[in-house]
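To start, the structure itself, in structure tokens.
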Amino acid sequence: MSFTHYTIEQLETMLRNKEISAEEIAQMSIDQIKAVDEDVKAFITVTEESALEKARQIDKDGDFDHNLAAIPGAIKDNIVTKGIPTTAASKMLENFTDPLYDATVTEKLADANALMMGKVNLDEFAMGSSTETSYFKKTANPWDLDYVPGGSSGGSAASVAAGQVMFSLGTDTGGSIRQPAAFCGVVGMKPTYGLVSRYGLVAFASSLDQIGPITRKVEDNARVLETLAGHDSRDSTSSKKDVPVYTENLQEGVKGLRIAVPKQFLGEGVSDEVRESVQNALQMYELLGATWEEVSMPHLPYADAVYSLLANAEGSSSLGRYDGVRYGNRAENAKDMIDMLKQSRAEGFGEEVKRRLLLGATVLSGDYNETHFRKAQQVRTLIANDFKAAFDQYDLIVGPTTPTSAFKFGEQADPLTMYMNDMLTVPVNLAGLPAVSVPSGYTEAGLPLGLQIIGKHFDESTLYRAAYAYEQATNHHKKRPTIGGANE
Amino acid sequence: MANISKEDVLKTADLARVAITDEEAEMYGEQLTEILTFTEKILDINTEGVKPTTNGNAVTNILRDDKPVTWDKRDAALENAPEVEDGQFKVPAIMEE
């Protein structure tokens, strides 16, 4: 038996009825990691012993009442974990074996009695869209091992799709949860900026970063987010709003909901198969009682440019802390202090990270600061205003998550081509909105596609409701990659 | 139109404290020129009177009470450092003798 055919709720019931033990669940996860990770390469660190120990403790205490009791999960390796290496998939942090503290989300998962199975792969410092820039390994897409899983949360999405864990945490600065979720046929939620604490997250672009869950099913996703969300005084942008119980109104349906479909989301660069899957989804929503209309959001086509400028400017500043003094890589034989800094960073950062560091530093310096950086901040406001105007009349905005399905390793070698993967996901981060990607079908070649549903600030409830209604009305989520277990 | 020369990249890399070779500077110069030129589609947008957005949401700088807390991880933190002496981080010489 495998846990992949059950929801978290069902597993919790089985645990309480003694039909299964926490240790058995942990062992299933370990077995599947051992069986397929040689091919999938999702994990950087596997924490088998501590997971088993925790499972045995849960069994011994009979403590099955926590929200995620005995549920195996994985954490993206840019989220700090006390006593467990946290590398951000960079040579810079290769020997950073103990960050000394837990991120708030790590702590919350532990408090909810989840089983932490290990740390999963990503693009170096979350800078990328394919997980190919990881210093350690290239994670493969469980649906076809010749294809990338997407990124930067590629290990997070692949580990769930491959049935190694029930859930994983990803981080999303410009699509890094939603794009890999779409490529791997799983559910990925990027919450409203400020809903989930960023304390203990290795910063990429602090005005855009959010942590969120990746799962097979919408219901499980809602359950994990309930655990993660909430105010944290250690994050200065953390919201004080009450967190709703997302799983409570999942089944209320979409009757009467008004959906906007920006024509800019279905324009140039979007493949026919992707367009078709969105049209099918809209038909389904009509059948379920929602209405939809095409709208125009004129500033959306500028989001990719704005994002490239702002995210990398913030990124170059976030990377300033890696100096080879307090932790991280230090070059040997440096002439003096400045030389030590330069050599340590030259050795520690990979090519893509250096490209973004230099791009961001350029944008922040000289004339570019006024002509490009400040202008981008203003256009960011206009993009947010487009969303505001749409949400005055509609409850949700729907479109594709990605312009195409997953691509092959090495296929997008040109940096600018790679950045275009995020054209449909970055607007949401610029506006601080929540958005979820749900499986919406498969290409002729059998690769998954994702539907992106965007909501109002802090309206994750409606997002989950809409995602759940669509999921339950379709069979996309019942299909499994061969490597991830049998179809339902 | 943006034009980032090899020399521009070398200067920025120096300021950003990352050593790069001449070949790398050449490559990054071409790529940064291409990327920045691509972003320049925003330059023609009318942004007169538009306030810049600098944060992810309106919630910024929620302050907590300024209460001292003890931090007992000094020794553990020093273990992460590449070089340590007398309980302090050690770096190469900053000034000549």
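Below, read A as the first sequence line, B as the second, and so on, with proteins coming before strands; counting in each chain starts at 1. Given the structure is predicted, the values throughout are model-derived calculations rather than measurements.
Heavy atoms closer than 4.5 Å to chain A are found in the side chain of B:Gln31, but not in its backbone. Within the 4.5 angstrom heavy-atom criterion, no atom of B:Asp65 approaches chain A. Only the backbone of B:Lys51 comes within less than 4.5 Å of a heavy atom of chain A; no side-chain atom from C-beta onward does.
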Donor-acceptor contacts under 3.5 Å from residues 72-81 of chain B side chains, at least two apart:
from    : atom 1 : to       : atom 2 : distance (Å)
B:Lys73 : NZ     : A:Leu100 : O      : 3.0
B:Asn80 : ND2    : A:Asp98  : O      : 2.8

Less than 3.5 Å apart, which donor and acceptor atoms pair up between the side chains of residues 198-207 of chain A and the rest of the protein, not counting sequence neighbours?
from     : atom 1 : to       : atom 2 : distance (Å)
A:Arg198 : NH2    : A:Tyr193 : OH     : 3.1
A:Arg198 : NH2    : A:Asp235 : OD1    : 3.4
A:Arg198 : NH2    : A:Thr237 : OG1    : 2.7
A:Ser207 : OG     : A:Glu314 : OE2    : 2.6
A:Ser207 : OG     : A:Arg380 : NH1    : 2.9

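Salt-bridge check for A:Asp323 with A:Arg326: passed, with a basic side-chain N closer than 4.0 Å to an acidic carboxylate O. Between A:Lys91 and A:Glu94 no salt bridge is recorded (no basic side-chain N to carboxylate O distance below 4.0 Å).
Taking B:Ala16, B:Ala2, B:Gly56, B:Ala13 one by one and counting their heavy-atom pairs under 4.5 Å with chain A, the maximum is reached by B:Gly56. Per-residue counts of heavy-atom pairs under 4.5 Å with chain A were compared for B:Ile42, B:Thr54, B:Thr12; the largest is that of B:Ile42. Ranking A:Thr381, A:Leu208, A:Asn429 against chain B, the residue ahead of the rest is A:Thr381, based on heavy-atom pairs under 4.5 Å. Looking only at heavy-atom pairs under 4.5 Å with chain B, the residue among A:Ile383, A:Asp304, A:Thr97, A:Asn95 that has the most is A:Asp304. For chain B, the option among A:Leu341, A:Val325, A:Ile338, A:Asp336 with the highest count of heavy-atom pairs below 4.5 Å is A:Val325. Among the candidates A:Gly194, A:Ser308, A:Pro415, the residue making the largest number of heavy-atom pairs closer than 4.5 Å to chain B is A:Pro415. Ranked by heavy-atom pairs under 4.5 Å with chain A, the list B:Ile4, B:Ile20, B:Asp14 is led by B:Asp14. Contact tally against chain B (heavy-atom pairs below 4.5 Å) for A:Arg374, A:Glu351, A:Lys342, A:Met337: the top residue is A:Lys342.
In summary, the side chains of A:Ser316 and A:Arg356 do not present any donor paired with an acceptor at a separation below 3.5 Å, with no hydrogens or angles considered. A:Ser238 and A:Asp232 share no side-chain donor-acceptor pair at under 3.5 Å. Between the side chains of A:Thr133 and A:Glu124, not a single donor N or O lies within less than 3.5 Å of an accepting N or O.
Judged purely by atom type and a 3.5 angstrom limit, B:Thr39 has no side-chain atom pairing as donor or acceptor with the backbone of A:Ala305.
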